[in-house]
Amino acid sequence: MKILVVGSGAREHALVTSLKADESVGRIICAPGNAGIARDVETRNLDSTNAHAIADLASGLEVDLVVIGPEVPLVAGAADAVRARGIACFGPSAAAAQIEGSKAFAKQVMDEAGVDTARARVCGVMVEVEEALDEFDAPHVVKDDGLAAGKGVVVTNDRDEALAHAQACLSRGGDARVVIEEYLDGPEVSLFGITDGTTIIPLEPAQDFKRAYDGDAGPNTGGMGAYSPLPWAPPTLVADVTERVLQPMIDTMRERGTPFVGLLYAGLALTTRGTRVIEFNARFGDPETQVVLARLASPLAQVLSAAATGTLGDLPPLAWHRGAAVTVVIASKGYPENPLTGDRIEGLDEAGGVEGVTVLHAGTRATADGIVTAGGRVLSITAQGESLAQARKRAYEALDCIGIEGAHHRSDIARAAAPDA
Ligand code: AMP
Ligand code: GLY
């Protein structure tokens with residue numbers, strides 16, 4: 001099988017690493033990739049936001065399968081463009097990707113599917129925002145309706161800050177909208193389901209750390225670290241969420257005429273009143289994918305290909321490695337507000353030499369002087385171990401080998417779940 005992977009983050013580096021380990025894969029090309037991916041597989045230049053450029057590249061390379069990592073090309077119709085060339089694609093159509101592209105759309109589908117989520121109001125003007133803030137009380141949750149790379153959400157007790165964020169979102173004009181929600185308490189879980197539009201197979205759950213700094217302080221980011229499994233989660237969590245959330249969503253999407261093919265990501269809050277959906281994404285999560293795929297023992301290409309070709313029901317049950325995985329993100333100085341780029345990255349080989357560790361690249365670029373930073377999130381240091389404590393220890397040991405001027409990371413990834421570390 002010849003596969004094109006689209007994207008340039010640590011999520012795509014994790015996908016490429018797992019696909020390479022599948023014996024059914026003959027050739028992998030990643031576009032545009034990054035400096036770390038380019039060490040492992042062929043890469044090509046690509047404007048990954050351009051659906052037609054993706055389809056052209058897939059046709060030119062005569063690949064059997066395209067795997068689209070990020071949400072932006074999916075929302076722009078990349079999967080439709082690839083399928084129109086007769087090539088199998090792992091990723092939803094533009095219409096189905098609206099589950100992530102519009103929070104208001106996602107709420108509507110959840111309502112139809114009978115899926116539990118936060119009560120919400122969609123607002124187009126500030127008067128509506130004020131009313132909604134009164135209705136739900138503090139803490140206030142204000143979300144940009146459209147795509148915002150994980151940074152469009154403000155959760156705050158400060159009404160003025162909530163109003164200011166809503167104003168900033170609405171001031172873009174056009175059909176800009178914000179969603180005001182009730183606050184959901186309780187720990188968060190990311191659960192991914194791989195689907196061909198009819199069958200959905202859950203992966204193992206993971207927990208992400210969205211805030212920039214230790215102790216869940218600072219602004220929301222794309223994600224600063226993750227771990228799996230979740231020793232504290234109820235044993236029935238995956239089965240319950242599959243039955244009450246993933247399957248009804250997939251069935252409703254199909255019945256609406258927009259079947260969802262690819263990865264449905266459920267962001268969940270385990271609240272005192274039960275499990276509620278915080279959001280859906282239309283693609284693998286980053287950095288959760290780094291830990292979930294590290295634990296997956298089944299051949300990934302066969303799973304993704306079965307989803308893309310409507311044959312998931314024929315697959316044997318997924319197999320998982322024993323043990324645990326932890327990933328810690330190293331971010332550039334200034335991330336998430338104004339990340340600096342162009343700083344040299346030292347110690348990559350030493351970090352990769354730590355037992356059980358894979359250094360996955362995100363914002364990196366190769367120059368004549370060596371590898372330098374090229375984005376907000378730079379590396380995802382991913383470690384496997386027999387226990388969460390061992391995986392965590394290995395990840396931080398590897399992280400200590402890396403030198404990047406002004407970079408920052410969280411030191412509490414998986415700490416509460418692995419107290420013996
Ligand atoms: P989202 O982009 O919708 O996933 O939101 C990003 C993050 O904001 C989530 O992972 C939560 O930590 C937080 N968040 C979003 N919605 C809520 C909510 N209704 N209640 C509490 N926290 C929320
Ligand atoms: N880790 C959060 C996301 O991928 O959206």
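Quick note: numbers below take in every heavy atom, side chains included, and nothing from hydrogens, waters or symmetry partners. Note that the coordinates shown come from a computational prediction; the quantities given were computed from them, not determined experimentally. When a ligand or atom number is given, it counts from 1 through the structure's own listing order.
Every atom of ligand 1 is numbered from 1 in the order shown, and the set under 4.0 Å from a heavy atom of Tyr183 is 20 (N), 21 (C). Atoms of ligand 1 found under 4.0 Å from any heavy atom of Glu181, numbered from 1 in the order shown, are 16 (N), 18 (C), 19 (N). Of all atoms in ligand 1, listed by their number and element, those nearer than 4.0 Å to a heavy atom of Val141 are 16 (N), 17 (C), 18 (C), 19 (N), 20 (N). Annotation for ligand 2: atoms under 4.0 Å from non-hydrogen atoms of Asn281 are 5 (O). The distance from ligand 1 to the heavy atoms of Lys103 drops below 4.0 Å at these ligand atoms: 1 (P), 2 (O), 3 (O). Counting atoms of ligand 2 from 1 in the listed order, those under 4.0 Å from a heavy atom of Lys210 are 2 (C).
Note on ring orientation: taking the six-membered ring where Trp is involved, the planes of Phe209 and Tyr227 are tilted (angle from 30° to 60°).
Looking at Glu112 and Thr252, their side chains never bring a donor and an acceptor atom within 3.5 Å of each other. With no hydrogens or angles considered, no side-chain donor-acceptor pair links Glu100 and Tyr265 at under 3.5 Å. Side-chain contact, Asp158 with Thr156: no donor N or O sits under 3.5 Å from an acceptor N or O. Under 3.5 Å, the side chains of Asp196 and Thr309 contain no donor-acceptor pair of N or O atoms. At a cut-off of 3.5 Å, with distance as the only test, no side-chain donor of Thr221 or Lys210 sits close to an acceptor on the other residue. If you check the side chains of Ser380 and Thr382, you find no donor sitting under 3.5 Å from an acceptor. Counted by atom type alone, Asn157 and Glu161 present zero donor-acceptor pairs between their side chains at under 3.5 Å. Side-chain polar atoms of Ser411 and Asp214 form a donor-acceptor pair below 3.5 angstrom.
At least one heavy atom of Arg283 sits under 4.0 Å from some atom of ligand 2. For Tyr265, the heavy-atom gap to ligand 2 drops under 4.0 angstrom. Using a 4.0 angstrom heavy-atom cutoff, Arg211 does not count as in contact with ligand 1. Put simply, part of Gly285 is less than 4.0 Å from ligand 2, judged by heavy atoms. Ligand 1 lies less than 4.0 angstrom from a heavy atom belonging to Glu182. By the 4.0 Å heavy-atom criterion, Gly267 is excluded from the residues contacting ligand 2.
Among the atoms of Lys143, some N or O lies under 3.5 angstrom from an N or O of ligand 1. Distances between N or O atoms of Asp208 and those of ligand 2 include at least one value under 3.5 Å. Backbone and side-chain nitrogen or oxygen atoms of Leu184 are examined, and one is located within less than 3.5 angstrom of a nitrogen or oxygen of ligand 1. Among the atoms of Gly222, some N or O lies under 3.5 angstrom from an N or O of ligand 2.
Comment: Glu405 does not engage Lys333 in a salt bridge, judged by the lack of any side-chain N to carboxylate O separation of less than 4.0 angstrom.
Heavy-atom proximity to atom 10 (O) of ligand 1, evaluated over Glu100, Glu188, Arg119, is greatest for Glu188.
Between Glu182 and the choices Arg121, Arg273, Arg276, the salt bridge (Lys or Arg N to Asp or Glu O under 4.0 Å) rule is met once, by Arg273.
The proximity of Asn220 to ligand 1, defined as any non-hydrogen pair under 4.0 Å, is limited to the side chain.
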